[in-house]
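Structure, as structure tokens:
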Amino acid sequence: MNSALLIIFAFLLFSLYLGLRAKKGKQMDLEQWTVGGRGFGPIIIFILMAGEIYTTFTFLGGSGWAYGKGGPTFYILCYGTLAYVISYWMLPAVWKYAKEHNLMSQSDFFVTKYKSPALGVLVSLVGVIALVPYLVLQLTGLGNIVSEASYGSVSPTLAIWIGVIVVTIYVMVSGIHGSAWTAVVKDSMILVIVLFMGIYLPYHYYGGFQPMFMAIDNAKPGFLALPSKGLSVSWFISTVLLTALGFYMWPHFFAAVYSAKSEKEFRKNSIFLPLYQLVLLFVFFVGFVAVLQVPGLKNGDLSLLRLSKMAFPTWFVGIIGSAGLLTAIVPGSMILMASATLIAKNIYKVFVPSTTDQQVATLAKYLVPIIALVAVFFTLIGGKTIVTLLLMGYSLVTQLFPAFIFSLMKNNFVTKQGAFAGILAGVLTVGLVTVSNITVGTIFPSLPQAVKDLNVGIIALIVNIVIMAIVSLATQGLNVNESNIQHAK
Amino acid sequence: NFRWLAIIPFIFMLCVIPFVNRVTPYVLGMPFILFWIVLSVVVTSIIMGLIYKLDPVNHGGD
């Protein structure tokens, strides 16, 4: 057993200890388990809200895309920044409404706003369907990290199983408290390691940042800008817009908003989170270093780890692997918890209304290993790259945005039927596009290149909004009649 | 009026990108497009700080 593997397993056990320790002194009812009793202070909320920045998506996927795609990788810095701007007004409104109505899940928000449990079931299904590829992404990353950092002595499959068992145990026991504690360790580690690697490696191999970029531009002219076709400027703009709107629509992220102690924390976070995510630059730099130092990798997601093994001693590779492991475990735990809550509270309870809150909490906990097994299955048969998986998930959750944003308005013209039809139409469009690999260019081959390069998620969003508006206008009278009948009763 | 400041990051990151999509000149050691994006992130942070200051809701107001 090499020193890297020892260090990785030590961190794995430490995160399990932290996850279990987080339960101490707390009665784990549904509110404590899912939203931490709505008592998290500014630091924990900052870390949880920033959790999206440092996942395996950015750690491996960010460097992988810098290695394989070049300039288009910069979209990752933009969408988070714009989402934080939106969050200044959006998250306090969500938090306030959730506190008033004692909401536990994202689906609860839609159920209460539109007074429609059926809409809640649809939102839950969309959420879970989008979260599975997100979880698969984390597990794929986890397998790659441990396998590479252990110099192949642990297979990706074994690493995935060990990681899933650890996460499942601490999610079942401690819920969001376990995620919060390990998130603090994860962010502290990743911050130091990424800054060190992103500065040291360009200087070590090229003598600085500009010499590195100049060498890449000489070897691959235009690689560092957006290409004229494919991942072009119009792809960049549409993808940034789509992912910024979908940023807080992830069920685990949306529900994490409920766990704050006050709404003021979100407004403060919107100032500092854009700067905090600039650390991602250094992840990209590692990927860029690898372009000329580790050429020819079939899987760009491995570029950071392959380069680390070339440049650093075994024990340090173990530290990098441990940080990478935490980037998979923390978001993985949040995803498992959110999925289990959605299924137990917003699907099962709708069909079995006599279920008590205690039974919902118990069911949610026992659903965790089942969802984990489903994710492991898809991970082991999968083959897509990390960023591709995330973009598909984003296209799905963004379909919740139109109905959500209208629900925050004082005079919401969208009816529950309109919201349901819009989300369903959008999700079906995403499904069709994903399965058949359609792009805007294949649907409309004669359109200008800029239109053909648009992210197909935008098409689904337009379909969603049009259907939502038409159905809402057609069912306005229906809802007036319904409320009149209820008043008459 | 302070709310309208929030439109600036969107203009920087969405509308201006076609005009800064180039590698040279290098600024602070970065390709020009990357420098522009980093600048946009920093400007966003400053703007959000300004909005926070100007918004009476953060100082016990309405």
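In what follows, every chain begins at residue 1, and chains take the letters A, B, ... in the order their sequences are listed.
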Check: Which bit of Met212(A) comes within less than 4.5 Å of chain B, counting heavy atoms only: side chain, backbone, both or neither?
Finding: neither

Next item on the list: Compare every heavy atom of Ser234(A) with every heavy atom of Leu454(A), then report the nearest pair and how far apart it is.
Entry: CD2-O, 3.9 Å

Notebook entry, point to check: Would you call Glu263(A) and Arg267(A) a salt bridge, using N to O less than 4.0 angstrom?
Noted result: yes

Check: Taking all atoms of both residues into account, what is the closest heavy-atom pair of Val286(A) and Leu307(A), and its distance?
Finding: O-CD2, 3.6 Å

Next item on the list: Return the option, out of Pro18(B), Pro9(B), Ser40(B), Pro31(B), with the maximum number of heavy-atom pairs under 4.5 Å with chain A.
Entry: Pro31(B)

Next item on the list: Could you check which of Leu34(B), Val20(B), Ile47(B) has the highest count of heavy-atom pairs closer than 4.5 Å to chain A?
Entry: Leu34(B)

Notebook entry, point to check: When only pairs under 4.5 Å are counted, which of Leu82(A), Ile237(A), Thr81(A) shares the most heavy-atom pairs with chain B?
Noted result: Leu82(A)

Check: Most heavy-atom pairs under 4.5 angstrom with chain B, which of Phe272(A), Phe223(A), Phe74(A)?
Finding: Phe74(A)

Margin query: If I measure from the heavy atoms of chain A, does Leu14(B) come under 4.5 Å with its side chain, its backbone, both, or neither?
Written below: both

Checklist line | Heavy-atom closest contact (Phe32(B) atom, Val27(B) atom, distance) | finding: CD1-CG2, 3.8 Å

Next item on the list: Search all heavy atoms of Phe213(A) against all heavy atoms of Leu224(A) and return the closest pair with its distance.
Entry: O-CD1, 3.5 Å

Notebook entry, point to check: Where on Ser45(B) is there a heavy atom nearer than 4.5 Å to chain A: the side chain, the backbone, both, or neither?
Noted result: both

Item checked: Interface moiety of Phe236(A) toward chain B, non-hydrogen atoms closer than 4.5 Å -> side chain

Next item on the list: Can you tell which part of Phe285(A) gets under 4.5 Å to a heavy atom of chain B, answering side chain, backbone, both or neither?
Entry: side chain

Item checked: Under the side-chain contact (heavy atoms from CB on, under 4.5 Å) test, residues paired with Val283(A) that sit two or more places apart -> Ser63(A), Val194(A), Leu280(A)

Next item on the list: Evaluate the ring planes of Tyr200(A) and His204(A), with Trp represented by its six-membered ring, and classify them as parallel (under 30°), tilted (30 to 60°) or perpendicular (over 60°).
Entry: parallel

Check: Which region of Leu278(A), side chain (C-beta onward) or backbone (N, CA, C, O), has a non-hydrogen atom less than 4.5 Å from a non-hydrogen atom of chain B, or is it both or neither?
Finding: side chain

